[in-house]
2 protein chains.
Amino acid sequence: MDSQKRLDYLLDVLRERGNRLTPQRVAILRALVRNDNHPSAEQIHGEILRDFPTTSLATVYKTIALLKEIGEILELGFGDDGSRFDGRKPYPHPHLICTQCGAILDSEVDNFNKLIDNLASRNGFSVQTHRFDIFGLCSACNKN
Amino acid sequence: MDSQKRLDYLLDVLRERGNRLTPQRVAILRALVRNDNHPSAEQIHGEILRDFPTTSLATVYKTIALLKEIGEILELGFGDDGSRFDGRKPYPHPHLICTQCGAILDSEVDNFNKLIDNLASRNGFSVQTHRFDIFGLCSACNKN
DNA sequence: TTTGATGCAAAGTATTTGCAGACTG
DNA sequence: CAGTCTGCAAATACTTTGCATCAAA
């Protein structure tokens with residue numbers, strides 16, 4: 001799904017819920033679905049400030065909380081500065097995280113859900129969600 | 001490896017490094033390697049207080065930092081209250097985390113490292129470490 | 001005796017919250 | 001016009017740090 005379609009979808013969902021589409025909120029959504037972007041709250045805030053200089057970090061967090069509530073954002077709970085977020089693919093999937101430059105690549109694994117279910121059922125566990133993160137050096141940082 | 005062996009091993013490592021084996025430090029290690037235990041700093045502190053009532057939380061964190069430095073503890077970076085730790089198996093492995101009672105079960109997956117290497121090399125990524133956590137309800141909580 | 005460890009309190013940092021005023025619908 | 005959203009500042013909560021004192025080796 002490209003950024004524009006994803007943005008339009010999110011705007012529709014919020015409209016239907018009766019949420020207001022303020023300029024700040026739209027700008028935050030836009031930053032969240034921007035291509036190849038797994039921004040932190042701080043990074044989103046920085047981007048927003050260009051267009052809406054008075055936007056506060058609290059508003060960014062509140063919008064993220066709203067998206068969490070409706071399951072349209074995935075929180076990647078790591079980072080030396082705060083958490084980073086995936087607003088494009090809000091379902092759990094593997095991430096490749098570069099420990100040097102901070103880049104985050106999405107990935108997929110065949111039959112991964114089956115693997116998880118097997119693992120869980122072996123322990124009498126029922127799965128709600130999961131997290132799978134691989135840390136290392138991206139191809140660009142490997143060359144340096 | 002049972003708790004006692006693991007504890008003795010850690011004590012040896014620290015001794016060889018020239019670290020002092022204070023009563024507090026030994027008590028913290030003991031709490032960390034206790035069976036089926038993935039305690040938080042706060043939980044460790046609570047257990048320590050029984051025997052050494054003046055032990056501070058800062059000392060717990062300092063000991064954990066020391067163990068991180070020498071790669072003998074795994075930090076599980078989640079929890080509504082602080083992070084939890086695995087002092088028995090300090091290498092990455094899957095965890096089953098109960099979102100109701102907070103229990104954490106260790107697990108293993110055959111050929112998991114191979115799966116990770118495949119995934120990473122496909123993206124020109126070199127792996128340093130990883131994290132694989134499954135959230136859900138443990139067997140006990142499923143019955144309630 | 002030496003020097004690393006402890007414990008207290010204060011600082012740090014990411015995130016959340018309360019509330020008055022602003023603005024969307 | 002009603003009620004939600006914003007923005008500020010203060011509150012939270014986990015973790016780290018500085019420093020004087022203590023004690024392991």
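In what follows, chains are A, B, ... by sequence order, proteins preceding strands, each numbered from 1. Note that the structure is predicted; figures quoted are calculated from it, not measured.
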(message) So for Arg20(B) and dG4(C), does any side-chain atom that can act as donor or acceptor lie under 3.5 Å from a complementary atom in the base?
(response) yes

(message) Check whether Arg6(B) reaches the backbone of Gly87(B) with its side chain - one donor and one acceptor, N or O, closer than 3.5 Å.
(response) yes

(message) From CG of Asp81(A) over to C1' of dG12(C), roughly how many Å is that when rounded to an integer?
(response) 14 Å

(message) Short of 4.0 Å, heavy atom to strand atom, which residues of residues 56-72 of chain B count as contacting DNA chain C?
(response) Ser56(B), Ala58(B), Thr59(B), Lys62(B)

(request) Could you state the atom-to-atom distance from CG of Leu11(A) to P of dG25(C) in whole Å? (result) 11 Å

(message) Contact between Ile70(A) and Leu14(A) at the side-chain level, heavy atoms closer than 4.5 Å - yes or no?
(response) yes

(request) Kindly indicate whether the side chain of Ile97(A), heavy atoms from C-beta on, has any atom under 4.5 Å from the side chain of Leu76(A). (result) no

(request) Answer with yes or no whether the side chains of Ser83(B) and Glu75(B) bring together a donor and an acceptor at under 3.5 Å. (result) yes

(request) Please state how far atom CZ in Arg17(B) lies from atom C1' in dT3(C), giving the value in whole angstrom units. (result) 15 Å

(message) Is Asn19(A) close enough to dC5(D) that one of its side-chain N or O atoms is under 4.0 Å from OP1 or OP2 there?
(response) yes

(request) Taking only Lys NZ, Arg NE, NH1 and NH2, and the carboxylate oxygens of Asp or Glu, determine whether Asp117(A) and Lys114(A) approach each other closer than 4.0 Å. (result) no

(message) Looking at His45(B) and Thr55(B), would you say the former's side chain and the latter's main chain have a donor-acceptor pair under 3.5 Å?
(response) yes

(request) Specify the residue among Arg15(B) and Glu75(B) whose closest nucleotide of DNA chain D lies further upstream toward the 5′ end. (result) Glu75(B)

(request) Each residue besides Leu137(A) in its hydrophobic cluster should be listed here, by chain and number; the cluster joins Ile, Leu, Val, Met, Phe, Trp and Tyr at side-chain heavy-atom distances under 4.5 Å. (result) none

(message) Please report the distance, rounded to the nearest Å, between CD in Glu16(A) and P in dG25(C).
(response) 15 Å

(message) Please identify which of these residues, Arg88(B), Arg34(B), Arg30(B), meets the side-chain hydrogen bond (donor to acceptor under 3.5 Å, both in side chains) condition with Ser3(B).
(response) Arg88(B)

(request) Round to the nearest Å and state the distance from Phe52(B) atom CZ to dC22(D) atom C1'. (result) 15 Å

(message) Please give me every residue in residues 21-32 of chain B whose heavy atoms get under 4.0 Å of an atom in DNA chain C, ordered by residue number.
(response) Thr22(B), Gln24(B), Arg25(B)

(message) Please report the distance, rounded to the nearest Å, between CG in Leu14(B) and P in dA24(D).
(response) 16 Å

(request) Could you tell me the separation between the CD1 atom of Ile44(A) and the P atom of dT6(D), rounded to a whole number of Å? (result) 14 Å

(request) Run the numbers on His95(A) and Asp106(A) for side chain to side chain donor-acceptor pair (under 3.5 Å), then give the verdict. (result) CA-CA 5 Å; His95(A) 288 98; Asp106(A) 286 336; 3.0 Å; yes

(message) How many whole angstroms separate atom NE2 of His45(A) from atom P of dG7(D)?
(response) 8 Å

